[in-house]
Each structure stands twice: as structure tokens, then as C-alpha cells.
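These notes concern the structure reproduced below.
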Amino acid sequence: MAEEIDDNDFYRENFSADSDWEVFNAQLGEILQKWDVTANGDVGRCLQPEELFRCKWQVESETLDMLSNGIEVEHYQAQLEQEEDSIKEGLKENSCLQRTQCHQDLMSSGNSFGPPIRISSNELHTLSRIYGLRRFIVLHPVKASVNYMKSTAEFNFFLSAAAVVAAEVGSVVPIFVQIYDPKWNFFTGVSLAPALRTNFRLIGLEKAPPECRYLMGLLTLFREKVPASYPQSAKVSVCTTYALDTMRIRMPMYVPFDHGLNSEDIVVAGEVLHVDVQHFSALPHGYTPESCTEIYLVYTWPELSEHVAFDSEQRTDFIPSKAPLGKVYLSVEASSYLSCCLRDYQAVASVTRSLESYVGRNFSGTSSGAEAINPLDKLTEHKLSKRRERSYELPSQAGLTKRLPGPMTESELRELLAYLFPDMHPDMALFPYVKQSFKNKFDPVRIKSAVPDSLVCRLSCVLATSHAHSGSLEGMAQLWAAFTRHLRLLWDNSLTVPGIASGYPDTRTCLLHQKLQMLNVCVERRVKREANSTRKEQQQQQQQAQVISDDEEEDEGEFFDCDEPHQGSGSPIKAVLSLKPEGRLRRLGDERLLDEPEEYLYIPETQEPVPKTEDQLQDDAEVMLKLGPGSGLTTQMMCSSLLSDMEAFKAANPRSQMEDFIRWYSPKDWEEVKDETGEITHQLSVRMTTEGNTWQTVWQQAQPVPIARQKRLFDDTNEALKVLHYLENRKMHEIYNLTIIPVLHSSILKLIDVFSNAKVDDLFSPQIEQLLADLCRLSRSQSDDLPPIAPLLDDLAELERRFYQFKCFERLSGYPRKSSLEQVKLQFLEILRNENCCTIVNRKLTAAGDGTLYDILIPKLEHDMNERLISKDYIIRLDGDSRSTEKGLYLGPQFMRAIVTGEKLRLCGAFTESTAFV
């Protein structure tokens with residue numbers, strides 16, 4: 001006999017535990033309370049026309065754990081510009097207690113239709129485009145593209161949860177649930193208000209009934225869906241969109257120093273237009289063959305009564321010639337070769353390979369005969385060999401290029417080097433350096449670059465172009481190695497580097513420009529020093545010849561014996577020589593020595609200041625910071641120039657004292673004072689008389705030594721070799737860091753040149769100024785690593801895209817036969833301001849504005865209007881009496897949108913029903 005089973009123990013269920021639905025409701029309620037979705041936080045002004053399509057959006061997101069998949073809750077809110085006064089006015093106008101911000105947005109006709117083309121940088125959510133909402137909440141599964149909702153049970157689960165939670169927390173913000181595949185953009189939602197509930201529904205039909213594709217059938221369907229009877233007539237808004245032929249304008253690729261095939265060899269339909277430039281730049285220009293402009297004509301009827309217009313299969317009133325408002329939209333897909341070149345060059349920033357890995361070791365060139373010279377002797381020799389005359393014949397350039405491995409041939413590389421060093425290649429020099437070129441367009445205080453069209457800018461542009469079109473990294477490395485060879489050749493022959501600003505290294509410019517300036521300073525010092533040495537040798541030879549001739553003419557004289565000097569007595573000759581002045585430059589006015597009033601104060605010959613580049617100054621600062629202020633090495637680094645000047649001053653003024661030196665060197669420290677009798681006297685400042693003062697210490701250490709016998713403060717040979725070694729040992733990413741700012745600067749100047757030749761520089765001047773300001777901040781960044789340049793490249797590419805857009809619009813407007821350039825520029829300025837759209841003025845309906853564009857575009861639609869129609873957008877609105885103040889009298893808004901695309905139909909409804917019990 002089977003044992004009895006207790007059913008109470010076997011079938012036991014704990015009904016007190018929270019279900020998944022209740023847990024989800026609790027979590028969702030906490031999130032909604034944090035976002036303040038009640039009526040108190042849902043206050044705002046009326047929307048301006050098309051404001052939702054221009055403003056910025058704030059998106060907040062939270063993730064909830066629900067079943068096996070998480071649920072993403074997103075809160076979208078438009079950031080509107082508003083003031084306190086406007087908020088107060090909005091509160092006064094909104095006298096109806098039941099009317100919420102959602103109802104107000106649904107009835108607002110100013111944001112019914114947005115542009116037919118979407119901007120990826122400011123993508124507007126589909127719900128805002130459909131319903132015109134400024135604030136809403138969306139629920140969708142995490143990774144919705146994979147785990148999207150498919151069943152009706154899931155729809156009802158989350159929609160019912162949203163309705164219950166909204167009622168509990170008093171939410172008046174619409175809550176939507178995304179269903180099906182996200183790419184279909186299907187949503188269902190709910191919005192609550194006092195005694196009202198608005199249900200949002202969306203359906204799509206692949207092949208809609210013919211009557212539902214026109215306004216008459218849609219009005220019938222709308223009336224059937226309205227849950228209550230409204231005394232007033234519905235308001236209708238209509239928008240039709242037409243597509244014209246895609247416009248293609250060919251601007252062929254131009255690559256400097258490229259004699260091969262270019263984009264002109266690719267057969268693509270479209271008008272060919274060459275980009276004109278006034279100044280040559282070693283950067284490519286032109287647009288890819290795929291560049292095109294799609295043109296859309298949008299005609300809008302903002303608000304009509306349902307009984308005014310007629311629209312059916314047989315007849316329609318919604319034709320372009322009767323539209324009160326028309327706009328033309330230009331959607332541009334254009335890619336410039338200049339932007340592509342810069343983006344390719346940006347990839348070099350991550351390449352850490354050395355230059356030797358591309359061109360091999362010992363690639364640096366030397367002058368003729370250098371193979372027979374020991375390189376160690378070159379570093380240790382005391383005197384340099386005599387400088388060649390400036391009209392010297394350079395060694396064979398083939399010897400400088402043929403041994404460099406790389407993708408470029410000897411002739412190609414020689415052509416690039418002739419552009420960089422035109423004086424060294426007179427037979428190929430087509431672009432000599434001009435001292436005044438672009439001088440008015442460069443401000444060294446603003447952008448840390450180099451003078452436009454200088455050697456630095458030319459080299460930077462050629463490197464970027466070579467990387468993009470002449471062998472990538474290998475071609476770039478080959479050119480850089482050849483460039484350093486030429487620098488060493490110039491140094492060996494004591495010739496300055498061409499195309500570089502004169503003077504000491506200017507720290508307001510880029511580091512590469514400073515290095516080349518330093519090399520030029522070394523060459524100038526070397527030439528000057530060798531000239532002085534040659535002159536002294538000639539003087540010594542003349543003196544020796546004079547002495548020899550005098551000795552030969554003298555007869556044998558009479559000799560006398562001299563008394564032996566007494567022991568302990570000093571040599572009078574040595575005493576006289578020690579006080580002999582040396583190295584005097586000129587007198588310091590009528591100033592005299594303090595201790596020797598009869599002797600004038602002389603300015604000594606001093607060594608020239610020591611030039612330093614930016615990286616050297618930074619290294620010195622770091623060393624002194626590590627050693628500290630009390631270190632002797634720190635004092636020596638800071639006072640080496642001061643010690644040299646003091647020694648030269650003592651040599652020129654043997655009987656001087658420190659006060660005399662201060663009177664010349666630092667007059668502000670020689671102060672006037674009044675004694676007790678009121679007589680004016682002078683004395684040293686406090687900082688000069690402080691015990692342990694550096695000036696006093698250095699003065700005591702200084703010996704009377706003229707600059708002819710002083711150690712050189714600036715060793716031009718050593719510094720020049722440092723510069724050459726620095727440039728020859730750069731890695732690829734370091735070469736990129738040295739040249740990227742001049743490349744960007746030259747690119748902007750090239751665009752200015754292109755715009756100026758096209759006579760549209762006034763149109764794009766704000767964008768150009770913004771680019772220059774961004775480049776200034778980028779070039780003067782204080783961080784060790786170069787800031788990212790991607791945003792600047794995006795703005796540059798956008799500016800080039802705008803120029804292509806202008807050229808297409810210029811052709812669309814019938815320039816120059818049917819419209820002038822000023823008319824085209826005025827209309828295109830509206831396109832720049834209004835998100836790629838321009839108003840089409842119909843002279844038959846309004847007398848204001850220019851109707852040239854209307855006269856050109858309308859004939860293109862008359863013969864094939866139906867074929868060019870791509871979509872019709874109908875919006876039907878019906879609102880209750882918003883002035884009613886009693887609860888239950890306001891019927892709420894009714895909204896339906898129909899989007900007709902061919903035979904397809906999408907219906908989006910927002911129907912409001914009363915929740916009050918009768």
C-alpha cells in the first residue's frame with residue numbers, strides 16, 4: 001500500500017516574495033524620481049521654430065538587471081536657451097492644469113519637419129523627429145541589436161511597468177519601449193497627465209491601401225481613432241520632398257612633383273573644374289572622383305485647416321508652385337586629397353622606428369675629399385680648414401642621393417631637393433625664396449610655426465606629400481636623410497641654410513626652425529672668426545716683414561752693459577704691461593673712472609651672447625632645478641657670460657673697480673642718494689651690496705683678460721655638429737612632431753589661397769579664423785606630448801567639404817549666366833547658417849526676396865514631378881480647449897503623423913483619452 005503524501009508540503013509557494021515585475025518597478029521608480037519627471041520639473045517655454053533640430057541634447061543612462069538581459073533606461077532632454085523671465089511668462093500662459101509640456105510639444109507646428117538629411121555630428125533621436133518632443137525616456141534591452149524584444153508579452157510587460165511606475169511617481173514625461181529590431185525604429189509608449197493618458201503607437205505597412213497615401217483617407221482614419229468628439233476642425237501640416245539629379249563636379253587630383261597618372265585618368269561623369277592657386281605649395285589638392293552633392297527640394301505647408309486643402313488620387317493641392325514655403329537642401333559627400341594626405345601623415349605619430357632602419361647607417365653626406373679624412377680628426381682639430389668661396393662648385397649631387405635606399409629615383413629626389421635648396425640647384429630652381437612672401441599672414445606671437453614658404457614649411461609639406469604619394473614611410477625617410485646630407489654639405493662649406501629667418505633662434509617659432517637658425521648662427525660665427533684669424537695673420541706677416549726690413553737697414557750700434565737687477569725688486573716692464581689697456585671698443589660718453597678721474601671709462605669688446613634653442617633652455621632649467629640655487633655649477637652656468645664681460649672690462653679699464661663696471665653694465669643699480677647736506681651722490685643698489693652677492697664674487701674671480709685670449713663662450717663647431725647630429729638621429733614619430741605644425745599651418749594658408757582665388761574668402765573667414773585659433777592653442781601646448789590633432793583635421797575637412805558644396809550650389813544657381821556671384825554668395829551664406837538649406841522664394845506668393853533660384857528649380861520638376869517625389873509627410877493635430885481650468889474639461893491633444901514613401905506607409909499616433917470615471 002502506497003504511503004500517503006501531504007499535498008500541503010509538496011505544493012507550497014511563497015506568495016510574499018517580490019516578483020520580477022515588482023522588482024523592476026521599484027528600480028525604475030527610483031530612477032525616475034532622481035530625474036525629476038514630475039509636473040514641477042516639467043516647466044518650460046514654448047519651442048522656437050526648428051529649435052529641436054539645432055539645440056544640444058543631454059542624455060542620461062542607467063542600466064537595470066532584468067531577467068537574463070539588462071534593460072537600458074535613457075533620458076533625453078533638449079538643452080534650450082531660456083531665461084528666468086521667459087519661464088515665468090510660460091507659467092502664466094499655461095493656465096490649464098491638465099496640459100503638460102508633452103501636450104504642448106505635440107501641438108507645436110514649428111518643429112514638425114526637420115531637414116531631410118541628417119547630420120551625424122548632431123543626430124536627433126527618431127522620437128523627437130516624429131513627435132517633436134523635447135523630453136522623453138526610452139527603455140530598450142542592452143545590446144538591442146542582438147537581444148531586441150520580439151513577443152507581445154515582452155511589450156506588455158515593460159509598457160505596463162512604465163505606466164504603473166509613472167502613475168506612482170507622478171511622471172508627466174513620456175516613456176517609450178523600443179520593440180523589434182532597432183534599425184526599424186519601432187516604439188510604443190505612454191504619457192500620463194492629471195485625468196489624461198496619451199498612448200503612443202507606431203505601425204508600418206510595406207504596401208498601404210491607396211486611399212491611406214493621401215490626406216483625405218488619412219483624415220478619415222484619424223477621426224475613427226479619436227476617442228472623443230471635438231467641436232473644432234483639425235489642423236494639417238504637409239511636407240513634400242523631391243530629389244534632383246546628383247551633381248558631380250570633378251576637381252582633379254594635383255600632386256606636386258608627380259609626373260605620373262592622376263585622377264584625371266579615371267572616367268567619371270561630371271563637369272571638370274580645376275582648383276586655382278596663386279602661390280605654389282607642396283601639398284596636394286582636388287577632390288576624389290566619388291565626391292558628389294545630393295539636392296533635395298522640400299515644400300512645406302506649415303498649418304492648414306482640414307477643410308481648406310484637397311489631396312486624393314485624382315487631384316492634389318500640394319504641388320511646389322502653390323507651396324508657401326520652399327527650401328533646397330544640399331547633402332555633400334566630398335573627400336579632399338589634402339585632408340586625406342594630412343590624415344595619412346597623422347599615422348606617422350605612432351611609428352617609433354629609427355631613421356637608420358630605413359636608409360641604413362652612415363647616410364650623412366660630407367664634402368668632396370671627406371672619404372680620406374679621419375672623422376675623429378674632424379671633431380678634434382683646433383682650426384677649421386679655409387672656407388670655400390660662396391661661388392664654389394658643389395660636389396656632384398648624384399653622390400649625395402644615389403646611395404640612399406628608398407622608393408624615389410635619383411631624379412625625383414633631386415627635384416624635391418631643388419625645391420628645398422634652390423641655390424644649390426640653379427639649373428632646376430623654379431621656386432626661389434622670397435623674403436616678403438606671406439609676411440603679413442604670419443604672426444610668430446600667435447602660431448608657433450615658421451614663416452610661410454620658408455624651408456621649414458617647404459620641407460614639412462614635401463614630407464607629408466611624399467608619405468602620401470611617394471612611398472609612404474620609406475619615401476619620407478629617404479627625403480629626410482637627403483635633407484640632412486645637404487645641411488652637412490652647407491656646414492662643411494660655411495654656407496648658411498636658405499629660407500630661414502635671420503638672427504638668433506626665435507623661441508616663438510617651432511623647434512625645427514630654431515635648430516636651423518642655430519646652424520646659421522654657427523656658420524656666421526665661423527665665417528667671422530675665420531675672417532678675423534686671416535686678418536690677424538696678414539697683420540702679423542706685415543709686421544714681421546717690417547721688422548726684418550728695419551733690421552737690415554740699421555747699422556751696427558754701440559752696446560752698453562746693464563746693471564743686474566737687485567734681488568726682490570719687481571720688474572718695471574711687467575708692471576707697466578699689466579696696466580696696459582686691451583680690447584677697448586669706444587669711450588662711454590664723458591664718463592671717467594671713480595678712482596682715476598683723469599682716465600675715461602671705456603666700453604670693452606665683449607663676446608656675443610650665447611644663442612640657445614628652446615630645448616637647450618629647458619635642459620638648462622632642469623639641471624639648475626636639480627642642483628639647487630647654492631650649487632657652484634649653477635652659479636657657473638648662470639654667470640659664464642657675466643664673468644667674460646667682467647674680464648673684458650678689467651682688461652679695457654685696468655684701474656677700474658666694480659662700481660665702474662656697474663655704471664656701464666647695469667646703470668639702474670647705480671642709484672642717486674642725498675646725504676645729510678642735501679648733496680647728490682651715487683652708490684650701489686642693495687642687491688649689489690648684499691653680503692655674498694654673486695656679482696661681487698664673480699668680480700673678485702675675474703682677471704683682466706681681453707676677448708682675444710678668452711675661452712669661447714659659444715663653440716660654433718660643437719653646436720653645429722650638435723644640430724646635425726640631432727636631425728640625423730630623429731625617429732619617425734619625432735620627425736612628425738617637428739613638422740606637423742608647419743604642415744597644418746601651410747594647409748590653412750593653402751585654403752586661404754584657394755578661397756581668395758575663388759573670391760569666396762569672405763564667406764569662410766570665420767571658419768579660417770577658428771582654425772588658426774585652434775592651431776595656435778595646439779602649437780603652444782605645454783604638455784610634453786603633442787595634443788591630438790584629429791578635431792582640427794575634422795574641421796579642416798569640413799571646410800573643404802563646404803567649398804565643394806559652394807561650387808555645386810554655384811552651378812545649381814546658374815552662375816554666371818542667370819545669377820551673379822554676389823547673389824550666389826548671399827544665398828550660400830544662408831546655407832551655412834541654416835544647416836545646409838536655403839529658402840526658395842516664390843515671387844507669385846511673396847514680393848520679398850530673390851526669386852532667381854525658384855525660376856531655375858521649378859522647371860526641373862514640371863515634366864517628371866511624380867518620379868522625383870521621394871516622400872510625403874502629413875501631420876494631423878487636434879487639441880482641446882486649453883483655457884479650461886477645471887479638471888476633466890480638457891480633452892487633451894490628438895496627434896497622427898503619416899510618412900508616405902512610394903507604396904510604403906508609416907503611421908505614428910499619439911491619442912489621448914480621459915482616465916476620469918464618470
Side-chain angles (χ1 to χ4, degrees), residues 18-42 58-77 98 100-103 105-106 125-128 130-144 147-182 184-203 227 892-893 895 908-916:
D18 295 333
S19 63
D20 294 335
W21 187 78
E22 292 172 327
V23 173
F24 177 78
N25 287 4
Q27 295 176 349
L28 182 59
E30 294 177 359
I31 295 175
L32 296 185
Q33 289 177 350
K34 182 177 66 174
W35 288 338
D36 191 14
V37 294
T38 60
N40 295 330
D42 193 59
Q58 178 184 358
V59 181
E60 299 176 278
S61 178
E62 295 283 348
T63 303
L64 302 180
D65 294 332
M66 184 62 194
L67 301 178
S68 58
N69 302 320
I71 296 296
E72 194 85 15
V73 184
E74 295 178 339
H75 177 216
Y76 292 84
Q77 186 171 9
Q98 293 177 273
T100 64
Q101 199 173 78
C102 172
H103 300 160
D105 294 344
L106 288 174
H125 197 277
T126 302
L127 290 172
S128 184
I130 293 177
Y131 297 107
L133 300 175
R134 75 182 75 181
R135 189 182 184 191
F136 52 91
I137 296 172
V138 179
L139 279 68
H140 63 83
V142 178
K143 298 180 181 179
N147 303 318
Y148 52 84
M149 301 181 191
K150 304 175 184 179
S151 63
T152 306
E154 290 179 307
F155 307 161
N156 295 334
F157 179 91
F158 291 103
L159 186 61
S160 62
V164 171
V165 173
E168 289 179 352
V169 301
S171 172
V172 295
V173 177
I175 303 176
F176 293 89
V177 179
Q178 187 172 19
I179 58 179
Y180 299 118
D181 196 327
W184 295 349
N185 289 322
F186 274 86
F187 298 88
T188 180
V190 63
S191 177
L192 301 182
L196 294 176
R197 171 179 173 142
T198 302
N199 298 305
F200 296 88
R201 298 293 183 268
L202 192 150
I203 62 173
F895 176 96
C908 312
F911 296 98
T912 305
E913 59 185 5
S914 175
T915 58

Roughly how far, to the nearest 0.5 Å, is the [atom2] atom of [Y] from the [atom1] atom of [X]?
{"X": "Ile31", "Y": "Ser61", "atom1": "CD1", "atom2": "OG", "value": "9.0 Å"}
{"X": "Phe155", "Y": "Ser160", "atom1": "CZ", "atom2": "OG", "value": "13.0 Å"}
{"X": "Leu159", "Y": "Glu154", "atom1": "CG", "atom2": "CD", "value": "13.0 Å"}

Discussion item. Could you check whether any side-chain N or O of Thr912 sits under 3.5 Å from a backbone N or O of Pro893, counting only pairs where one atom can act as donor and the other as acceptor?
Written reply: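 Looks like yes, one N/O pair under 3.5 Å.
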Practice prompt. Consider only side-chain N and O atoms of Glu72 and Thr63, and report whether a donor and an acceptor are under 3.5 Å apart.
Written response: yes
Practice prompt. Please check if any side-chain donor atom of Thr188 sits under 3.5 Å from a side-chain acceptor atom of Arg201, or the reverse.
Written response: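 Thr188 vs Arg201: donor-acceptor pair found between side chains.
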Which pair of heavy atoms, one from [X] and one from [Y], lies closest together, and at what distance?
{"X": "Gly132", "Y": "Asp105", "result": "O-CB, 3.3 Å"}
{"X": "Leu28", "Y": "Leu139", "result": "CD2-CD2, 4.3 Å"}
{"X": "Ser914", "Y": "Leu196", "result": "CA-CD2, 4.0 Å"}

For residues 168-180, dump all side-chain donor-acceptor pairs below 3.5 Å to protein atoms at least two apart in sequence or in another chain.
{"unit_1": "Ser171", "atom_1": "OG", "unit_2": "Val173", "atom_2": "N", "d": "3.3"}

Worksheet item: Excluding sequence neighbours, so at least two apart, what forms ring pair (Phe, Tyr, Trp, His ring centres under 6.0 Å) with Phe895?
Response: Tyr131
Fill in: Sequence-distant partners of His75, ring pair (Phe, Tyr, Trp, His ring centres under 6.0 Å), two or more places apart
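His75: ring pair (Phe, Tyr, Trp, His ring centres under 6.0 Å) contacts with Trp35.
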With heavy-atom distances below 4.5 Å as the criterion, would you say the side chains of [X] and [Y] are in contact?
{"X": "Met149", "Y": "Pro141", "answer": "yes"}
{"X": "Phe136", "Y": "Leu127", "answer": "yes"}
{"X": "Glu62", "Y": "Glu74", "answer": "no"}
{"X": "Ile130", "Y": "Leu202", "answer": "yes"}

Fill in: Audit row: Gln101, Arg134, side chain to side chain contact (heavy atoms under 4.5 Å, CB included) steps and yes/no
CA-CA 8 Å; Gln101 199 173 78; Arg134 75 182 75 181; 3.1 Å; yes
Worksheet item: For the rings on Tyr148 and His140, is their centre-to-centre separation under 6.0 Å?
Response: no
Discussion item. Quick check on the 6.0 Å ring-centre criterion: do Phe158 and Phe24 meet it?
Written reply: yes
Practice prompt. Could you check Tyr76 against Ser128 for side chain to side chain contact (heavy atoms under 4.5 Å, CB included), going step by step and ending with a plain yes or no?
Written response: CA-CA 9 Å; Tyr76 292 84; Ser128 184; over 6 Å; no
Worksheet item: Given Arg135 and Leu133, is the side chain to side chain contact (heavy atoms under 4.5 Å, CB included) satisfied, shown in steps?
Response: CA-CA 6 Å; Arg135 189 182 184 191; Leu133 300 175; over 6 Å; no
Item to complete: Might you work through the side chain to side chain contact (heavy atoms under 4.5 Å, CB included) test for Phe157 and Trp21, ending with a clear yes or no?
Response: CA-CA 8 Å; Phe157 179 91; Trp21 187 78; 3.5 Å; yes
